[in-house]
Amino acid sequence: MLNLRFIQENPELVVEKLKKKNFNAQQIVDEIIALYKKKNEIQAKGDQVKSEMNRISKEIGNLMREGKKSEADVAKDKTAELKESIKQLDEEFAKIDDQVFALQVQLPNIPAEIVPVGKTPEDNLIVARKDEIPVLPEDKLPHWELAKKYDIIDFELGVKLTGAGFPVYKGKGSILQRALINFFLTEAGKAGYLEVQPPLMVNEDSGFGTGQLPDKEGQMYHVTLDNLYLIPTAEVPVTNIYRDVILEVKDFPVKNCAYSACFRREAGSYGKDVRGLNRLHQFDKVEIVQVALPETSYERLDEMVAHVAGLVEKLELPYRILRLCGGDMSFTSALTYDFEVYSAAQEKWLEVSSVSNFESFQANRLKLRYRDEITKKPQIAHTLNGSALALPRIVAALLENNQTPEGIRIPKVLVPFCGFEMIN
RNA sequence: GGAGAGAUGGGUGAGUGGCUGAAACCAGCAGUUUGCUAAACUGCCGUACGGGUAACCGUACCGGGGGUUCGAAUCCCCCUCUCUCCGCCA
């Protein structure tokens with residue numbers, strides 16, 4: 001959510017910058033400014049009337065204490081009109097306030113200066129690549145076939161228990177999952193992230209704080225009986241730790257990591273792109289989250305990107321890093337880097353991580369602030385997060401790229417976590 | 001699920017209709033004293049919106065929403081959450 005004052009003071013800038021996200025903000029911004037002006041007028045008027053009301057009330061109190069009941073009654077007569085006026089102004093104010101808010105939440109975050117112009121994933125900018133594609137035998141298999149061959153992931157069993165997109169990991173498949181989670185958390189810990197285990201369900205306030213609600217309600221599983229949402233990513237509970245918090249400068253940088261299962265409805269996505277592990281309703285992910293000072297948040301973003309790059313390197317996977325173009329970025333992000341690994345049997349790139357700086361967009365909703373050392377006033381902080389990493393597509397690439405006639409080779413770095421070197 | 005108690009500023013905790021945006025204490029910040037540390041003393045010390053270059057001023061906020069009243073942290077209603085006991089249970 002963009003700051004109201006900021007919109008009001010920089011309307012042309014907002015409209016201009018949002019064009020990069022292929023978003024025409026002109027009308028919304030115009031309406032916001034008109035309403036904002038009106039809102040201020042009503043507030044000024046209301047505050048004045050309330051001030052008068054408070055003054056009379058105090059006077060009545062004094063008169064009563066002095067026993068001047070008849071004078072107090074005279075004063076009381078004056079209040080009826082003021083009271084009615086306050087009621088009307090309050091109602092009008094609330095109405096406009098709601099209208100402004102409804103418009104405000106429709107505006108996406110402003111993209112950073114270096115975000116490439118573009119509309120589709122083709123316009124994303126490849127900023128780094130390490131893409132020596134492994135040479136696989138003629139009879140190479142996609143991961144869903146390998147999963148069946150070695151009996152490590154059972155998609156049909158998941159359908160029986162729950163439905164499509166809820167696979168059952170078995171034996172070495174299950175151990176591989178556990179090993180990856182442990183590896184990712186260990187690496188994050190080494191990089192200074194404090195590990196947390198968050199709840200897997202969140203309330204509405206949390207959903208709003210990170211931007212899932214109200215716009216993307218259909219993406220989450222909703223437990224209606226208790227009005228809770230299954231988290232689509234640990235970003236939601238972990239970032240919301242800092243909702244309504246005022247940090248001190250000495251608290252920075254704030255770095256948290258968390259493993260969680262993630263739940264996504266993925267309504268409307270079917271077909272060959274969702275085969276096997278490519279797109280699931282439930283999957284595992286280790287997330288890294290940072291709260292940063294505005295002036296250093298882009299340094300923190302670079303640090304996070306470097307951390308994620310280190311992970312895919314250690315897993316010996318071909319990868320590339322994309323700087324997302326305006327049209328492919330999320331609503332809430334100011335700058336996003338996607339990581340893709342190459343899945344050599346499917347012969348396609350799979351997104352395994354998305355690392356973003358949200359600047360003050362989430363923090364505004366979260367009321368996440370820090371106390372400025374000089375002015376001592378609360379200022380909006382910046383939030384960032386990234387996958388480090390999401391498991392299923394990593395597993396898909398590992399299985400496909402490391403298949404050999406003898407079985408599937410486990411990358412060296414994972415062997416101590418797995419306890420075996422081959423899946424066979 | 002049943003019964004009861006409660007929700008006040010960073011923390012503890014006072015406050016049953018006006019002099020309370022809120023005592024006191026602790027923590028924190030600035031200063032005085034001090035050879036250093038400690039202690040003592042003095043002052044400051046919530047957030048948001050609006051106005052003002054600023055000092056500051058106005059308004060709102062004592063879990064959330066509504067009501068009574070000239071006036072509500074305080075009285076009434078609804079909701080949420082927390083705690084205690086009982087039941088159930090990993």
Side-chain angles (χ1 to χ4, degrees), chain A residues 1-9 32-104 197 199-209 213 222-229 237 240-252 254 261 291 360 363-381:
Chain A
M1 184 167 73
L2 298 177
N3 181 279
L4 259 191
R5 272 227 170 174
F6 179 78
I7 298 169
Q8 199 249 340
E9 285 166 9
I32 285 176
I33 287 174
L35 286 168
Y36 186 72
K37 189 164 169 250
K38 206 166 156 198
K39 188 177 132 180
N40 283 355
E41 284 167 12
I42 291 166
Q43 184 181 348
K45 207 165 161 193
D47 283 358
Q48 198 188 332
V49 180
K50 284 175 190 169
S51 179
E52 174 68 5
M53 187 72 159
N54 287 342
R55 194 187 61 73
I56 293 174
S57 290
K58 244 173 210 163
E59 197 178 291
I60 292 171
N62 290 332
L63 290 169
M64 295 294 272
R65 217 169 303 108
E66 291 163 23
K68 299 173 181 169
K69 194 170 179 310
S70 59
E71 287 180 45
D73 285 339
V74 171
K76 273 188 205 183
D77 290 340
K78 292 192 284 189
T79 61
E81 201 182 323
L82 292 174
K83 216 176 164 181
E84 182 56 31
S85 170
I86 288 170
K87 199 180 156 201
Q88 275 180 18
L89 288 166
D90 276 352
E91 278 171 12
E92 206 175 335
F93 182 87
K95 202 176 130 198
I96 293 178
D97 199 39
D98 287 349
Q99 287 173 348
V100 170
F101 183 75
L103 290 167
Q104 200 184 350
Q197 282 193 27
L200 301 181
M201 292 190 227
V202 292
N203 57 28
E204 276 183 328
D205 285 347
S206 294
F208 175 78
L213 296 176
H222 187 190
V223 182
T224 52
L225 197 57
D226 298 290
N227 198 25
L228 296 172
Y229 294 86
N240 272 281
I241 290 173
Y242 303 97
R243 172 154 48 85
D244 291 318
V245 166
I246 301 177
L247 295 160
E248 299 298 328
V249 169
K250 65 175 163 55
D251 298 328
F252 290 93
V254 175
V291 183
S360 58
N364 241 324
R365 291 177 164 226
L366 293 159
K367 295 191 173 64
L368 163 51
R369 291 158 293 175
Y370 69 96
R371 196 171 294 283
D372 187 282
E373 277 189 312
I374 295 157
T375 65
K376 306 287 178 201
K377 293 285 172 210
Q379 301 287 328
I380 299 292

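Computed from a prediction, not measured in an experiment: that's the story for all the values here. Just so we're on the same page: letters track the sequence lines, and every chain starts at 1.
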Could you tell me whether A/Ile56 contacts a base, only the sugar-phosphate backbone, or nothing, with contacts defined as non-hydrogen atoms closer than 4.0 Å?
nothing

For the P atoms, the ones on B/C26 and on B/C44, what distance do you get once it is rounded to whole angstrom?
16 Å

Rounded to whole angstrom, note down the P distance from B/U33 over to B/C19.
40 Å

Test side chain to side chain contact (heavy atoms under 4.5 Å, CB included) applied to A/Asn203 and A/Leu228, step by step:
CA-CA 5 Å; A/Asn203 57 28; A/Leu228 296 172; 4.1 Å; yes

So A/Arg55, base contact, sugar-phosphate only, or nothing? Heavy-atom distance under 4.0 Å.
nothing

With rounding to the closest Å, how many angstrom separate the P atoms on B/A73 and B/A23?
14 Å

Between A/Lys367 and A/Asn364 (side chain of the first, backbone of the second, donor and acceptor by atom type, cut-off under 3.5 Å), is there such a pair?
no

Tell me whether A/Glu81 at atom CD has more than 12 heavy atoms from other residues, nucleotides or ligands lying less than 6.0 Å away.
no

Using the P atom as the reference point in each nucleotide, state the distance between B/A60 and B/A7 in Å, no decimals.
24 Å

Counting only Watson-Crick or G-U wobble pairs whose two distances fall under 3.5 Å, which nucleotide matches B/U47?
B/A60

Under 3.5 Å, is there a donor on one side chain and an acceptor on the other for A/Asn54 and A/Ser57?
no

Does B/A90 have a Watson-Crick or wobble mate here (both distances under 3.5 Å), and if so which one?
none

How far, in whole Å, is B/A39 from B/G52 if one measures between their P atoms?
46 Å

Please give the nucleotide sitting opposite B/A73 as a Watson-Crick or G-U wobble pair, both distances under 3.5 Å, or none.
none

Heavy atoms of other groups near A/Gln197 CD, more than 12 under 6.0 Å:
no

Outermost RNA chain B nucleotides near chain A [under 4.0 Å, heavy atoms]:
B/G18 to B/G71

For the P atoms, the ones on B/A5 and on B/C76, what distance do you get once it is rounded to whole angstrom?
13 Å

With heavy atoms under 4.0 Å as the rule, sort A/Thr79 into base, sugar-phosphate or nothing.
sugar-phosphate

Intermediate values then yes/no, salt bridge (Lys or Arg N to Asp or Glu O under 4.0 Å), A/Arg55 and A/Glu52:
CA-CA 5 Å; A/Arg55 194 187 61 73; A/Glu52 174 68 5; 3.0 Å; yes

For B/U68, which nucleotide is its Watson-Crick or G-U wobble mate, given both distances must be under 3.5 Å?
none

Identify whether any heavy atom of A/Phe93 sits under 4.0 Å from a base atom; if not, whether one sits that close to sugar-phosphate; answer base, sugar-phosphate or nothing.
nothing

With rounding to the closest Å, how many angstrom separate the P atoms on B/A27 and B/G21?
28 Å

Could you work out, with side chain to side chain contact (heavy atoms under 4.5 Å, CB included) as the rule, every residue matching A/Met53, not counting sequence neighbours?
A/Thr79, A/Leu82, A/Lys83, A/Ile86

According to the Watson-Crick and G-U wobble definitions, with both distances under 3.5 Å, which nucleotide is paired to B/A3?
B/U84

Counting Watson-Crick and G-U wobble pairs only, both distances under 3.5 Å, name the nucleotide matched with B/G10, or none.
B/C26

Upstream residue (5' side of RNA chain B) when A/Gly61 and A/Lys83 are each assigned their closest nucleotide:
A/Gly61

May I ask you to say what A/Asn54 touches in the nucleic acid, namely base, sugar-phosphate or nothing, with a heavy-atom cut-off under 4.0 Å?
sugar-phosphate

Taking any heavy-atom pair under 4.0 Å as a contact, classify A/Met53: base, sugar-phosphate, or nothing.
sugar-phosphate

Any sub-3.5 Å donor-acceptor pair from A/Arg371's side-chain atoms to A/Val249's backbone N or O?
no

Say you pick atom C1' in B/G71 and the same atom in B/G18; how far apart are they, in whole Å?
6 Å

